[in-house]
> 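Got a structure for you, questions after.
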Amino acid sequence: MPELPEVETTRLGLLPHVRGQRIERVTVRERRLRWPIPANFTDLLQGTTVSNIIRRGKYLLWDCERGSSAINHKHEGMDSGFMLSHLGMSGTLRVLSSATPVAKHDHVDIEFANKVLIRFNDPRRFGAMLWIAGRDMVHPLLDVLGPEPLSEAFTAQHLFKASRGRSVSIKEFIMNGHVVVGVGNIYAAESLFRAGIHPQRAAGKTSLLRYEKLVDAIRETLQDALRAGGTTLRNYVKTDGEQGYFQLDAAVYGRNGDACRICGTPIRLMVQGQRSTYFCPRCQH
DNA sequence: CGAGAGTCCTGAAGGC
DNA sequence: TGCCTTCAGGACTCTC
């Protein structure tokens, strides 16, 4: 269940192994992900050099450059572009060595000139691997995204203005990627608790002052998780991606019936927008 | 346009 | 022990 901190940690774990490396071979065993992997995906990627990996929300954008000399005739006419990957619910991208045996749900392999193997495993297949042609990173999935929560563009003013006239609950509002990216179910609940805001409060009737608290809370919550994720980076090559949420010490998530750490009131569970929400009925208004 | 439900998928967990 | 049902969850896509 990767959210922004997990995706960013994945990016940082991958980067030193693939940056500046040429893709020698791509193997697709299962194309049926969130959307089908394009038929020419293998040809598009092979022979390119990954110059960087950029994160946008929970998407990773692999900058794949193709030299103009067109040494490989098979790929003549093909251009540079970005490989877009998303981990979905259950996806992992691991750094392995070439000969690692294939396991269940190992859908895609990307092998580099330095013998590094990046392997995408995704049991639930909610993840994605797509291609964005050209140098401009223009894609319908990216064009609609809200600001990065850790950027200066993410402000209380932005949330306040975007929420006017909206009747959705504040929790569903901040989980909407068009409003702000990277805030999933767990971090939404944790952030609202930290800000003292009831998850059912109407987004459109939430004051600027509350949004100021919420912006701070989201930043702090994500940064705490990123810090915890940093500790898993050291042995990233060995990790199987199952380390979960960095042993995040959740204040409310998954703690239904347990005592609130602030006031002792039992944490409550409810369903909002087909998602479970945990909150403290006394601390959050 | 916004709100709300539906959809994809597998593995884990719960009931009997 | 084992089968069956339910649920979880990101985020697009559909319907109204």
Side-chain angles (χ1 to χ4, degrees), chain A residues 1-11 28-38 55-61 84-93 103-108 120-130 132 139-149 159-192 199-206 218 221-222 225 240-246 248 250 252-257 269-279:
Chain A
M1 300 172 250
E3 296 198 26
L4 187 147
E6 288 78 11
V7 176
E8 178 65 10
T9 300
T10 297
R11 184 184 79 85
V28 178
R29 299 187 193 82
E30 174 59 85
R31 336 191 73 87
R32 296 172 302 167
L33 303 181
R34 178 71 173 81
W35 301 278
I37 293 176
R55 183 186 56 75
R56 182 75 177 92
K58 296 175 192 170
Y59 295 105
L60 290 181
L61 297 149
L84 176 152
S85 67
H86 194 294
L87 298 175
M89 269 286 303
S90 55
T92 54
L93 282 164
K104 202 175 179 184
H105 308 304
D106 283 342
H107 304 317
V108 179
F120 178 66
N121 178 289
D122 186 8
R124 293 183 197 178
R125 293 198 267 123
F126 281 15
M129 281 197 166
L130 299 171
I132 303 174
H139 192 278
L141 289 171
L142 304 178
D143 294 345
V144 296
L145 295 180
E148 288 290 326
L159 290 181
F160 184 75
K161 283 168 96 172
S163 62
R164 292 310 92 180
R166 300 284 301 271
S167 64
V168 280
S169 71
I170 191 157
K171 191 215 175 203
E172 290 173 87
F173 182 66
I174 60 170
M175 284 180 65
N176 182 345
H178 302 180
V179 173
V180 54
V181 296
V183 182
N185 202 38
I186 294 174
Y187 294 123
E190 293 297 309
S191 300
L192 286 166
Q200 277 179 317
R201 174 171 285 275
K205 291 180 178 170
T206 298
I218 289 172
T221 304
L222 292 175
D240 59 1
E242 299 298 325
Q243 72 272 30
Y245 275 81
F246 310 143
L248 182 76
V252 288
Y253 190 85
R255 298 192 66 237
N256 185 31
L269 167 63
M270 66 178 170
V271 174
Q272 277 182 294
Q274 300 145 294
R275 289 283 175 291
S276 55
T277 296
Y278 300 85
F279 68 106

> Please step through side chain to side chain contact (heavy atoms under 4.5 Å, CB included) for the pair Ile37(A) and Phe120(A), ending with a clear verdict.
CA-CA 12 Å; Ile37(A) 293 176; Phe120(A) 178 66; over 6 Å; no
> Ile186(A) has an atom CD1; how far is it from atom P of dA8(C), in whole Å?
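Answer to the nearest Å: 13 Å.
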> Report the residues that fulfil ring-ring contact (aromatic ring centres under 6.0 Å, His included) with Phe279(A), sequence neighbours left out, ordered by chain and then residue number.
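Phe279(A) satisfies ring-ring contact (aromatic ring centres under 6.0 Å, His included) with His198(A) once adjacent residues are dropped.
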> What distance separates Ile218(A) CD1 from Leu192(A) CG, expressed to the nearest 0.5 Å?
7.0 Å
> Please give me the minimum heavy-atom distance between Pro123(A) and Ser90(A), naming the atom from each residue.
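Closest heavy-atom pair between Pro123(A) and Ser90(A): CD-O, 3.4 Å.
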> Does anything in residues 163-176 of chain A come within less than 4.0 Å of DNA chain B? Heavy atoms only, and list the residues if so.
Arg166(A), Ser167(A), Val168(A)
> Under 4.0 Å from a heavy atom of chain A: give me the 5'-most and 3'-most nucleotides of DNA chain B that qualify.
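Extent of the interface on DNA chain B: dG2(B) to dG11(B).
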> Between P on dA11(C) and CZ on Arg275(A), what's the gap in Å once rounded to a whole number?
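Answer to the nearest Å: 10 Å.
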> Taking CG from Leu145(A) and P from dG10(C), how many angstroms apart are they, rounded to a whole number?
15 Å
> In Å and rounded to the nearest 0.5 Å, what is the CG to NZ distance from Leu4(A) to Lys58(A)?
7.5 Å
> In whole Å, what is the span from the CG atom of Leu33(A) to the P atom of dA11(C)?
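The answer, rounded to whole Å, is 15 Å.
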> Which atom pairs link the protein and nucleotides 13-16 of chain C when you take only N or O atoms and keep those under 3.5 Å?
none

> Between His105(A) and Asp122(A), is any pair of side-chain heavy atoms under 4.5 Å apart?
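The answer is no, as the side chains (C-beta and beyond) never meet within the 4.5 Å cut-off.
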> Less than 4.5 Å apart, side chain to side chain, heavy atoms only: is that true for Leu142(A) and Ile132(A)?
yes
> Phe126(A) stacking on dG10(C): centroids under 5.5 Å, ring planes under 30°?
yes
> For the pair made of CG in Asn185(A) and P in dA8(C), what is the distance, rounded to whole Å?
10 Å
> Roughly how far, to the nearest 0.5 Å, is the OG1 atom of Thr92(A) from the CG atom of Asn121(A)?
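So the CG of Asn121(A) and the OG1 of Thr92(A) are separated by 4.5 Å.
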> Please confirm whether the shortest side-chain N or O distance from Tyr59(A) to OP1 or OP2 of dC12(C) is below 4.0 Å.
yes
> Can you name the residues that form a ring-ring contact (aromatic ring centres under 6.0 Å, His included) with Tyr59(A), not counting sequence neighbours?
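ring-ring contact (aromatic ring centres under 6.0 Å, His included) list for Tyr59(A), sorted by chain: His86(A).
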> Roughly how many Å is it from CD in Glu6(A) to C1' in dG10(C), rounded to a whole number?
13 Å
> Taking only Lys NZ, Arg NE, NH1 and NH2, and the carboxylate oxygens of Asp or Glu, determine whether Glu172(A) and Arg275(A) approach each other closer than 4.0 Å.
no
> Which residues pass the ring-ring contact (aromatic ring centres under 6.0 Å, His included) test with Tyr278(A), not counting sequence neighbours?
Tyr253(A)
